[in-house]
Amino acid sequence: RVIIHIDIDCFYAQVETILNPSLCGKPLGIKQKNIVVTCNYEARALGVEKLMSIKTALEKCPSLVLANGEDLKKYRDMSEKIYQILQSFSPFVEKLGLDENFIDISHKINKSPEIKPEVSGHIFEEKNSDETCACGCTDRLKEGSIIAQEMRNQLKSELGITSCAGIACNKLLAKLVGATHKPNQQTTLFSASSLNLMKSLKHPRNIPGIGSAMNRKLEVLGIDTIEKLQATDLFKLIEALGVKTANQIQQLSFGIDDSHVKITDRPKSIGAEDGFPTIKSETEVRKKLKCLLDRVWELVEKDGRRPSQVKLTVRKLHATNHSVRETRQTAIDLTTGVPSNAPLGPLSENQEKKVITTLMNLFEKVVNCDESWQVTLLGISF
DNA sequence: CTGGGGTCCT
DNA sequence: AGGACCC
């Protein structure tokens, strides 16, 4: 296969700069509540990092300009435009978050090219890449790099967006190799260098698919390098992680990933949430939920499907000083009084009342009404 | 007060 | 319903 991974450079910051060009060249951070969730390269050069607190960021970089990124609408809109452009190259596009996409272009690769393609962009380990693989993948990946370049050129010319691309024979390797030259560059991995790319990650946590929980389990086993993960006896790994996960992550450690590019169709859930210092009364909860419902219903309406389930998320300030999230979900019927095929419109007053009532019932399952409680986040999802 | 979203598996 | 993972 030939898989391209496209990753937009500091996505939120680019969107903000496109919407407000006067930000261009200034150190820019995108703020959500108390956090700088991402920032542009000017800010990074001055010491600002992703997920840093606003306080620390401003200490490091007093000239930092902040844009509020709590409402994701602008980013969703740009993400959709990016997706549409990529789809014009191949139907096999999988979105990961708002700013990453995998594209499978295997079917677009010329089976017997008369002209040997050249590579566009970087090659991972250029020095020892002169071998051509007997299976023909080297030339296919070269062609892939040309297509990736065309994708990135189009994102730049039509949207003004710069991006990075990785080109490789599977999703794992495409994503990893694309991150080796940033920003606004692309890198191709020829398969002979796969193991070297994996080893260059150093730590198992750097493999997508190995998160913090699995990383802790691996550390208990004394596995703290990619090479140890590769060399660990599979039965030992199965004991700790179960057969499926053990096999999967050991394969990943060798750069093997058979997962396919899963076409992203309409979302399975649509939600909105909001965090805040603290809420202690049901009146305040009801008010917050109404506000959230307005926000989420905008998205539901645009989607067009009538929700059949609603989920409430609550983050409580626990006695132990650290917060806990709980969810409650139930069926909801929003068809009464309207033909079930009628297009979804704005929430009627009856519907709003019904949803809020349902959510408050769910809320009472989460909080113990007798005891005092503090809620620091509410979320609604359909 | 470590965002505001999502997906899939158990 | 929760927990893992991703951004």
Side-chain angles (χ1 to χ4, degrees), chain A residues 5-13 29-39 49-57 66-76 78-79 82-83 94-102 163-164 171-172 175-176 178-179 204-218 241-245 248-249 252 259 262-279 292 295-296 299 303 309-318 321-330 362 365-366 374-382:
Chain A
H5 178 256
I6 300 265
D7 187 340
I8 309 302
D9 302 325
C10 47
F11 179 53
Y12 289 4
I30 309 305
K31 158 189 158 147
Q32 286 172 338
K33 297 287 149 49
N34 203 19
I35 294 272
V36 177
V37 290
T38 189
C39 59
E49 292 167 20
K50 291 179 185 180
L51 299 187
M52 195 153 73
S53 78
I54 299 282
K55 185 166 168 278
T56 309
L66 291 170
N68 190 304
E70 287 163 19
D71 186 341
L72 304 184
K73 184 171 190 312
K74 325 167 229 185
Y75 315 131
R76 285 195 180 103
M78 185 62 85
S79 182
I82 290 165
Y83 184 78
E94 176 180 350
K95 266 179 65 149
L96 190 56
L98 294 179
D99 74 321
E100 292 187 20
N101 287 277
F102 292 99
S163 59
C164 286
K171 287 168 64 178
L172 200 227
K175 180 175 165 98
L176 291 175
R205 180 66 234 262
N206 294 327
I207 297 178
I210 298 183
S212 62
M214 211 182 299
N215 186 48
R216 277 196 300 278
K217 292 184 189 175
L218 292 177
L241 305 173
V243 55
K244 218 177 126 181
T245 304
Q248 188 194 313
I249 70 162
L252 291 178
S259 69
K262 200 191 167 221
I263 295 174
T264 298
D265 40 59
R266 295 192 296 178
K268 300 188 168 28
S269 66
I270 295 173
E273 57 181 53
D274 191 12
F276 31 75
T278 193
I279 276 186
L292 279 170
R295 269 211 282 146
V296 72
L299 302 171
D303 178 87
Q309 297 270 319
V310 63
K311 178 161 77 177
L312 175 72
T313 300
V314 177
R315 186 176 65 195
K316 288 189 293 188
L317 206 54
H318 201 255
N321 193 25
H322 96 326
S323 49
V324 177
R325 293 170 89 112
E326 288 180 47
T327 63
R328 294 295 183 271
Q329 186 173 353
T330 188
L362 292 175
K365 294 185 181 186
V366 175
Q374 291 183 71
V375 165
T376 63
L377 176 143
L378 289 168
I380 302 176
S381 202
F382 287 106

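As a basis for the values below, the full set of heavy atoms in this structure was taken, side chains included, without hydrogen atoms, waters or symmetry mates. Sequence lines set the chain letters: A, B, ... in the order given, protein chains first and strands last, and positions in each chain run from 1.
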Considering every strand and a 4.0 Å limit on heavy-atom distances, what is the contact class for [X]: base, sugar-phosphate, or nothing?
{"X": "A/Ile35", "answer": "sugar-phosphate"}
{"X": "A/Lys217", "answer": "nothing"}
{"X": "A/Ile210", "answer": "sugar-phosphate"}
{"X": "A/Thr327", "answer": "sugar-phosphate"}
{"X": "A/Arg216", "answer": "nothing"}

Under a 4.0 Å heavy-atom criterion, the protein footprint on nucleotides 5-10 of chain B, written with B, S and -, is SSSS--
In whole Å, I'd like the distance from the [atom1] atom of [X] to the [atom2] atom of [N].
{"X": "A/Arg205", "N": "C/dC6", "atom1": "CZ", "atom2": "C1'", "result": "10 Å"}
{"X": "A/Gln248", "N": "C/dA4", "atom1": "CD", "atom2": "P", "result": "16 Å"}
{"X": "A/Lys175", "N": "C/dC6", "atom1": "NZ", "atom2": "C1'", "result": "7 Å"}
{"X": "A/Asn68", "N": "B/dG3", "atom1": "CG", "atom2": "P", "result": "13 Å"}
{"X": "A/Ile279", "N": "B/dC1", "atom1": "CD1", "atom2": "P", "result": "13 Å"}
{"X": "A/Asp9", "N": "C/dC7", "atom1": "CG", "atom2": "P", "result": "15 Å"}
{"X": "A/Glu94", "N": "C/dC7", "atom1": "CD", "atom2": "P", "result": "12 Å"}
{"X": "A/Lys33", "N": "B/dG4", "atom1": "NZ", "atom2": "C1'", "result": "9 Å"}

So, using salt bridge (charged side-chain N to carboxylate O under 4.0 Å, His left out) as the criterion, who are the partners of A/Asp303 when residues are at least two apart?
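Salt bridge (charged side-chain N to carboxylate O under 4.0 Å, His left out) list for A/Asp303, sorted by chain: A/Arg305.
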Under the salt bridge (charged side-chain N to carboxylate O under 4.0 Å, His left out) rule, collect the residues that match up with A/Lys73, sequence neighbours excluded.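 With sequence neighbours excluded, A/Lys73 shows a salt bridge (charged side-chain N to carboxylate O under 4.0 Å, His left out) to A/Asp77, given in chain and number order.
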Nearest non-hydrogen partners of A/Ala57 and A/Val36, listed with the distance
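So the two residues come closest at CB-CG2, 3.7 Å.
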Handout entry: Those residues that, when tested against A/Lys217, pass side chain to side chain donor-acceptor pair (under 3.5 Å) (two or more places apart)
Key =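 Partners of A/Lys217 under the side chain to side chain donor-acceptor pair (under 3.5 Å) test: none.
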Note to self: The criterion is side chain to side chain donor-acceptor pair (under 3.5 Å); which residues satisfy it with A/Ser381, sequence neighbours excluded?
What the structure shows: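 Expected list: none.
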### Residue-phosphate contact under 4.0 Å: A/Ser212 side-chain N/O, C/dC5 OP1/OP2
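For A/Ser212, the contact criterion (side-chain N or O under 4.0 Å from OP1 or OP2 of C/dC5) is met.
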For this session: Could you check which of C/dA1, B/dG3, B/dC1 has an atom nearest any side-chain atom of A/Pro277?
Result: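 Closest nucleotide to the A/Pro277 side chain: B/dC1.
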Show every donor-acceptor pair shorter than 3.5 Å between a side-chain atom in residues 270-279 of chain A and any protein atom, with sequence neighbours excluded, or say none if there are none.
unit_1: A/Glu273; atom_1: OE1; unit_2: A/Arg325; atom_2: NH2; d: 3.2
unit_1: A/Asp274; atom_1: OD1; unit_2: A/Lys33; atom_2: NZ; d: 2.6
unit_1: A/Thr278; atom_1: OG1; unit_2: A/Gln374; atom_2: OE1; d: 3.2

inquiry  = Closest-nucleotide mapping onto DNA chain B: is A/Asp71 or A/Thr278 further toward the 5' terminus? I mean the 5' end.
reply    =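 Comparing both residues, the 5'-ward one is A/Thr278.
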**Item:** Expected output: side-chain A/Thr264 to main-chain A/Lys95 donor-acceptor under 3.5 Å
**Value:**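 Checking the backbone N and O of A/Lys95 against the side chain of A/Thr264, a donor-acceptor pair under 3.5 Å is found.
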